[in-house]
2 protein chains.
Amino acid sequence: MALGKNYEGQNCSLARALELVGERWTLLIVRDAFYGVRRYGDFLAHLDIPRAVLADRLATLVDAGVFERRRYQNSPPRDEYLLTDRGVELWSVVYPLWSWSERHFGDAEPLRTFRHAACGTQLDPAGRCPTCGGVDVSPRDVEAHTGPRMPAQPRRDPVSVALRQRPHRLLQPLF
Amino acid sequence: MALGKNYEGQNCSLARALELVGERWTLLIVRDAFYGVRRYGDFLAHLDIPRAVLADRLATLVDAGVFERRRYQNSPPRDEYLLTDRGVELWSVVYPLWSWSERHFGDAEPLRTFRHAACGTQLDPAGRCPTCGGVDVSPRDVEAHTGPRMPAQPRRDPVSVALRQRPHRLLQPLF
DNA sequence: CAGTGATGGTTCGTTGAATGAACTGACTGG
DNA sequence: CCAGTCAGTTCATTCAACGAACCATCACTG
């Protein structure tokens, strides 16, 4: 999407959110960050996003306090992009949207499931654990599992491969 | 946003959802539908959206089963756009996004609040009613209230005016 | 029954953002 | 010194958004 001053006339929190998070690619970048992707090159390989757009979106998200840019080595200087608390709270948007799509447009066999790490139960549509008394599950306590169905043409980039290999705790680095 | 075949390589429900709902304007149209807007001209006036874009989005959303187009008079023939059950379920995405933005970027005094119609309590960030034992509140049981803060330049279109006048039950027609 | 206005679009030229390929620059390891 | 990696930037092309004008249908008015 694009911001557009037009949204400004709306004077509405939803519109303000969409200026940031409603832009093309942005929410997929955030999704990848939940999967544990942290580096420019990994986002790039997993998303098939133009390099310039990725650089632009990351900069915007850092400005907005959704990502934090942190140096993890000095020579050569390399930074990684980590979700801040503000970014992690977007789980309450990302998961319901994923779930809505899965319910209404998904195949019988889901490609991926999100489970409460503590008990292995699949999250309900609102992101809670039915087994554990319907408590809200923080993304840090969620495991992404690969479902039985395989995509027709599995992707070969390192991120996709790692995600297929084994269940993976959200927000933990992939590599 | 735009669909782009690129998202297709993602093979992910989130990406599929974003092809539809992540396009520029789409979620604001859905928001207005929750407010009770139903007619082309009212969406147009309230959103300041180019006419062609609005027509395109509405057609796409009807195709996707998010809106239903229903004739409400025959001469001249006039249709209104109503959220289907599938569309109403987007409340679980729209409200958390609104809430996220309100928490992180909102002013101290919110412009609008969403309250459980049964008891008048403001919804919590997950969309539940704290007073009523934390039950999920369906959008049909939500009232939109205008907060104490007034926008600097209040809009004059009929939709904005109606929304300011009095608390309003979501999904009920505005006029 | 011609003129005016409401409604819900479509058309089209212009602007601006996304795309993708090439290039840059800092560094490393052999 | 050379090849390779990583994280970008630059730039020409493509495609979607914009916005103004136009169109069609019908109702109402004088």
Side-chain angles (χ1 to χ4, degrees), chain A residues 1-10 15 18-20 22-29 32 37-63 67 69-82 157-159 174-175, chain B residues 1-10 15 18-20 22-29 32 37-62 67 69-82 157-159 173-175:
Chain A
M1 200 169 293
L3 335 208
K5 326 98 206 178
N6 298 67
Y7 281 14
E8 283 162 27
Q10 293 298 318
L18 289 171
E19 286 182 18
L20 175 62
E23 281 192 304
R24 187 155 160 68
W25 295 112
T26 301
L27 232 37
L28 290 177
I29 294 171
D32 272 18
V37 175
R38 298 179 164 195
R39 288 160 39 178
Y40 181 88
D42 293 329
F43 285 111
L44 201 64
H46 189 229
L47 288 173
D48 284 331
I49 181 179
R51 308 177 77 91
V53 175
L54 177 59
D56 175 87
R57 294 296 183 276
L58 286 172
T60 303
L61 288 166
V62 168
D63 278 358
F67 278 95
R69 185 175 181 159
R70 199 177 60 180
R71 180 129 314 176
Y72 66 92
Q73 76 175 207
N74 277 310
S75 107
R78 289 285 179 263
D79 298 334
E80 58 188 2
Y81 297 90
L82 297 174
D157 62 277
V159 174
L174 264 177
F175 308 110
Chain B
M1 201 168 292
L3 336 210
K5 328 95 206 179
N6 297 66
Y7 281 12
E8 284 162 26
Q10 292 296 319
L18 289 171
E19 288 182 17
L20 175 61
E23 281 192 303
R24 187 154 161 68
W25 295 111
T26 301
L27 232 37
L28 290 177
I29 294 171
D32 273 17
V37 175
R38 300 180 163 192
R39 290 165 31 182
Y40 180 88
D42 292 330
F43 285 111
L44 201 63
H46 190 229
L47 289 172
D48 283 331
I49 181 178
R51 308 177 74 90
V53 176
L54 177 59
D56 176 86
R57 293 296 183 276
L58 286 172
T60 303
L61 288 166
V62 168
F67 278 96
R69 184 173 181 161
R70 198 178 61 178
R71 178 128 318 174
Y72 67 91
Q73 75 175 209
N74 277 311
S75 108
R78 289 287 179 262
D79 298 334
E80 59 187 2
Y81 297 89
L82 299 174
D157 63 276
V159 174
L174 264 177
F175 308 111

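Chain letters run A, B, ... following the sequence lines, proteins first, then strands; residues in each count from 1. Computed over heavy atoms, backbone and side chain alike; hydrogens, waters and symmetry mates excluded. Note that the structure is predicted; figures quoted are calculated from it, not measured.
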>> Protein within reach of the bases, or only the backbone? For nucleotides 5-10 of chain C, mark each nucleotide 5' to 3' as B, S or -, using heavy atoms under 4.0 Å.
In response: --BBBB
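- To the nearest 0.5 Å, atoms CG (B:L54) and OH (B:Y40) are separated by 5.0 Å.
- Note: CD (A:E23) to P (C:dG16) measures 16 Å, nearest angstrom.
- Taking CG from B:D79 and CD from B:Q73, the interatomic distance works out to 9.5 Å, rounded to the nearest 0.5 Å.
- A donor-acceptor contact shorter than 3.5 Å is absent between the side chain of A:R69 and the backbone of A:L58.
- Rounded to whole angstrom, the span from the CG atom of A:N74 across to the P atom of C:dC27 amounts to 10 Å.
- Atom CG in A:L18 sits 9.5 Å away from atom CG in A:L27 (nearest 0.5 Å).
- Spacing between atom CD of A:E19 and atom C1' of D:dA17 amounts to 16 Å, rounded to whole angstrom units.
- Look at B:E80 and B:R70 and you find a salt bridge, because one of the NZ, NE, NH1 or NH2 atoms lies within 4.0 Å of a carboxylate O, short of that distance.
- One finds the CG atom of A:D157 at 10.0 Å from the CG atom of A:L44 (value rounded to the nearest 0.5 Å).
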Got a list of protein N/O to nucleotides 28-30 of chain C N/O distances below 3.5 Å?
from, atom 1, to, atom 2, distance (Å)
C:dT28, OP1, A:S75, OG, 2.4

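- The interatomic distance linking A:L54 (CG) with C:dA18 (P) rounds to 13 Å, in whole Å.
- We find that CZ of A:R24 is positioned 9 Å from C1' of C:dT19, with the value rounded to whole Å.
- Partners of A:D42 according to the salt bridge (charged side-chain N to carboxylate O under 4.0 Å, His left out) rule, which considers only residues two or more places apart in sequence or in another chain, do not exist here.
- Rounded to the nearest 0.5 angstrom, B:I29 CD1 and B:R24 CZ are separated by 11.0 Å.
- For B:W25 and C:dA17, the CH2 to P distance is 14 Å, given to the nearest whole Å.
- Note: CG (B:D48) to P (D:dA20) measures 11 Å, nearest angstrom.
- At whole-Å resolution of the value, CZ in A:R57 and P in C:dA17 are 10 Å apart.
- Note that the CH2 atom of B:W25 and the CZ atom of B:R57 stand 10.0 Å from one another [nearest 0.5 Å].
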